[in-house]
Novice: 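Please see the structure below; I have some questions.
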Amino acid sequence: MDDVVYTRAGQGEPLVLIHGVGHRRQAWDPVIPLLAKHRDVIAVDLPGFGDSPPRDDAYGVEPALRLFREFFAGLGLGRPHVAGNSLGGLLSLALGQAGLVRSVTALSPAGLWTYAQQRYAIGMLRTHYHLARRIPDRFGRRLAASAVGRTVVSGMIFDKPARVAPEVIFDDMRAFGSAAGFIPTVALTRGRGFRFEGPVLDVPVTIAWSQRDRILARPRAAELRKMCPQAQLLVLPGCGHVPMSDDPELVTRVLLEGSDV
């Protein structure tokens with residue numbers, strides 16, 4: 001899988017990290033140094049995002065399962081632990097359902113939504129995508145340089161965007177606006193696309209929902225239990241949709257405990 005770009009660090013049992021739609025593997029940078037003390041951490045760029053080139057055959061849940069099956073085999077990972085955020089959380093649950101991983105930790109996973117929630121979330125992401133494409137570099141750098149500007153640009157995904165470094169905000173914005181995989185991915189959300197209905201029965205699952213998620217609404221616990229009867233359900237206080245930057249220590253603890261099996 002030479003066309004899947006990834007970052008690898010640490011030692012121990014392998015833990016694969018999957019970002020959300022429109023994001024990139026650097027979303028995990030705040031937690032990788034902490035995780036690498038205990039795990040062999042592999043953060044991937046999905047095809048058409050970050051530095052991975054687009055692939056026409058890689059969008060959708062089933063194509064992603066094939067891709068990760070090949071990726072795991074190519075790196076000799078066997079059945080690794082996996083964790084994902086947003087779209088990455090959905091793909092992590094699907095990998096667990098397929099029996100391809102040892103454990104699943106899903107942070108504010110996509111695909112557990114009602115149709116109304118799905119339309120809202122995808123609409124918000126489309127709006128941010130088109131804005132990211134249209135903002136000139138000079139103006140984007142000015143926005144990222146101020147706390148107020150970072151809140152305007154990234155307040156939907158981080159609870160504390162003012163704490164994120166300006167260069168991270170700017171680079172995220174540019175990566176989002178240039179993500180060749182965004183349009184083909186969100187096109188699959190029409191109808192019943194990208195809905196996860198489970199079940200995940202034989203793999204340990206942790207589902208951790210950000211308390212201040214402004215993109216995805218937290219499902220009721222009873223609904224989550226139907227899909228993952230044995231799942232550990234957590235709330236991440238003080239965190240937005242992408243919690244790794246809001247509270248790296250908390251997210252690291254959740255990922256380590258979720259993969260301690």
Novice: Within the structure provided, determine whether Asp159 and Cys239 are in side-chain contact (heavy-atom separation under 4.5 Å).
Specialist: no

Novice: From Asp246 CG over to Arg212 CZ, what is the distance, rounded to the nearest 0.5 angstrom?
Specialist: 9.0 Å

Novice: Return the CD1 to CE distance between Ile207 and Met227, rounded to the nearest 0.5 Å.
Specialist: 6.5 Å

Novice: With Arg134 as the cation and Phe139 as the aromatic partner, state whether NZ or CZ is under 6.0 Å from the six-membered ring centre and within 45° of the axis.
Specialist: no

Novice: Do the non-hydrogen side-chain atoms of Ser92 and Thr105 ever get within less than 4.5 Å of each other?
Specialist: no

Novice: Is there a donor-acceptor pair under 3.5 Å between the side chain of Lys226 and the backbone N or O of Gly198?
Specialist: no

Novice: Can you pull out every side chain to side chain donor-acceptor pair (under 3.5 Å) where at least one residue sits in residues 143-154? Sequence neighbours excluded, please.
Specialist: none

Novice: Would you say Asp137 has more than 12 foreign heavy atoms packed within less than 6.0 Å of its CG?
Specialist: yes

Novice: Hydrophobic clustering (ILVMFWY, side-chain heavy atoms < 4.5 Å, transitive) - are Leu188 and Met124 grouped together?
Specialist: yes

Novice: Considering all heavy atoms of both residues, which atom of Pro109 and which atom of Leu112 are nearest to each other, and what is their separation?
Specialist: CG-CD1, 3.6 Å

Novice: Answer yes if the ring centres of His128 and Phe176 are under 6.0 angstrom apart, and no otherwise.
Specialist: no

Novice: If I take atom CD from residue Gln97 and atom SG from residue Cys228, how far apart are they, to the nearest 0.5 angstrom?
Specialist: 8.5 Å

Novice: Using the rule that two of Ile, Leu, Val, Met, Phe, Trp, Tyr join whenever any of their side-chain heavy atoms come within less than 4.5 Å, decide whether Ile183 and Ile122 are in one cluster.
Specialist: yes

Novice: Applying side-chain contact (heavy atoms from CB on, under 4.5 Å) to Val168 and Asp29, what does each step give before you reach the verdict?
Specialist: CA-CA 10 Å; Val168 172; Asp29 280 357; over 6 Å; no

Novice: If you draw a 6.0 Å radius around CG in Asp56, do more than 12 non-hydrogen atoms from other residues or ligands fall strictly inside?
Specialist: no

Novice: How about CD on Glu167, more than 12 heavy atoms from neighbouring residues, nucleotides or ligands closer than 6.0 Å, or not?
Specialist: yes

Novice: Using atom types as modelled and distance alone, determine if a side-chain donor or acceptor of Ser108 lies under 3.5 Å from a backbone N or O of Ser86.
Specialist: no

Novice: Determine, using the 4.5 Å side-chain heavy-atom cutoff (strictly less than), whether Val235 and Leu255 are members of one ILVMFWY cluster.
Specialist: no

Novice: Any idea which heavy atoms bring Pro248 and Val31 closest together, and the distance?
Specialist: O-CG1, 3.6 Å

Novice: Run the salt-bridge test on Asp45 and Arg25 with the 4.0 Å N-O cut-off and return the result as yes or no.
Specialist: yes

Novice: Rounded to the nearest 0.5 Å, what's the gap from CG on Leu77 to CG on Leu15? Could you check?
Specialist: 10.5 Å

Novice: Kindly indicate whether the side chain of Arg195, heavy atoms from C-beta on, has any atom under 4.5 Å from the side chain of Tyr115.
Specialist: yes

Novice: Could you tell me whether the side chain of Pro54 reaches within less than 4.5 Å of the side chain of Tyr59, counting heavy atoms only?
Specialist: yes

Novice: Taking CD in Gln230 as the centre, count heavy atoms belonging to other residues, nucleotides or ligands within less than 6.0 Å. Is the count above 12?
Specialist: no

Novice: CZ of Arg214: more than 12 outside heavy atoms within 6.0 angstrom?
Specialist: yes

Novice: If two hydrophobic side chains count as joined below 4.5 Å and joins carry through other members, does Tyr129 share a cluster with Leu125?
Specialist: yes

Novice: Could you tell me which non-hydrogen atom of Asp3 sits nearest to which non-hydrogen atom of Pro53, and how far apart they are?
Specialist: O-CD, 3.1 Å

Novice: Can you name the closest pair of heavy atoms from Pro63 and Asp57 and give their distance?
Specialist: CB-O, 3.2 Å

Novice: Roughly how far, to the nearest 0.5 Å, is the OG atom of Ser210 from the CE atom of Met244?
Specialist: 9.0 Å

Novice: Do Leu87 and Met156 share a hydrophobic cluster (ILVMFWY, side-chain heavy atoms under 4.5 Å, transitive)?
Specialist: yes

Novice: List the steps and the verdict of side-chain contact (heavy atoms from CB on, under 4.5 Å) for Leu100 and Arg69.
Specialist: CA-CA 7 Å; Leu100 297 177; Arg69 185 181 288 110; 3.9 Å; yes

Novice: Does any part of the side chain of Val254, heavy atoms only, come nearer than 4.5 Å to the side chain of Leu234, both counted from C-beta?
Specialist: yes

Novice: Is the Phe68 ring parallel, tilted or perpendicular to the Phe72 ring (thresholds 30°, 60°)?
Specialist: tilted

Novice: Within the 4.5 Å heavy-atom criterion, are Leu91 and Leu46 side-chain neighbours or not?
Specialist: yes

Novice: Using every non-hydrogen atom in the two residues, find where Leu93 and Ala106 come nearest and quote the distance to one decimal.
Specialist: CG-CB, 4.2 Å

Novice: If you count every heavy atom of other residues, nucleotides or ligands that lies below 6.0 Å from Arg163 atom CZ, does the total exceed 12?
Specialist: no

Novice: Return the CD to CZ distance between Glu223 and Arg225, rounded to the nearest 0.5 Å.
Specialist: 13.0 Å

Novice: Considering residues, nucleotides and ligands other than Arg142, do more than 12 of their heavy atoms fall under 6.0 Å from its CZ?
Specialist: no

Novice: Are Phe196 and Val61 side-chain neighbours, meaning at least one heavy-atom pair lies under 4.5 Å?
Specialist: no

Novice: Can you confirm whether the side chains of Asn85 and His19 place a donor and an acceptor under 3.5 Å from each other?
Specialist: no

Novice: Could you check whether any side-chain heavy atom of Glu257 comes within less than 4.5 Å of a side-chain heavy atom of Thr206, counting everything from C-beta outward?
Specialist: no

Novice: Go through the steps to decide whether Asp40 and Arg8 satisfy the test side-chain contact (heavy atoms from CB on, under 4.5 Å), and finish with yes or no.
Specialist: CA-CA 7 Å; Asp40 175 12; Arg8 191 169 189 174; 2.6 Å; yes

Novice: Under the side chain to side chain donor-acceptor pair (under 3.5 Å) test against Ser259, which residue among His81, Arg102, Arg39 passes?
Specialist: Arg39

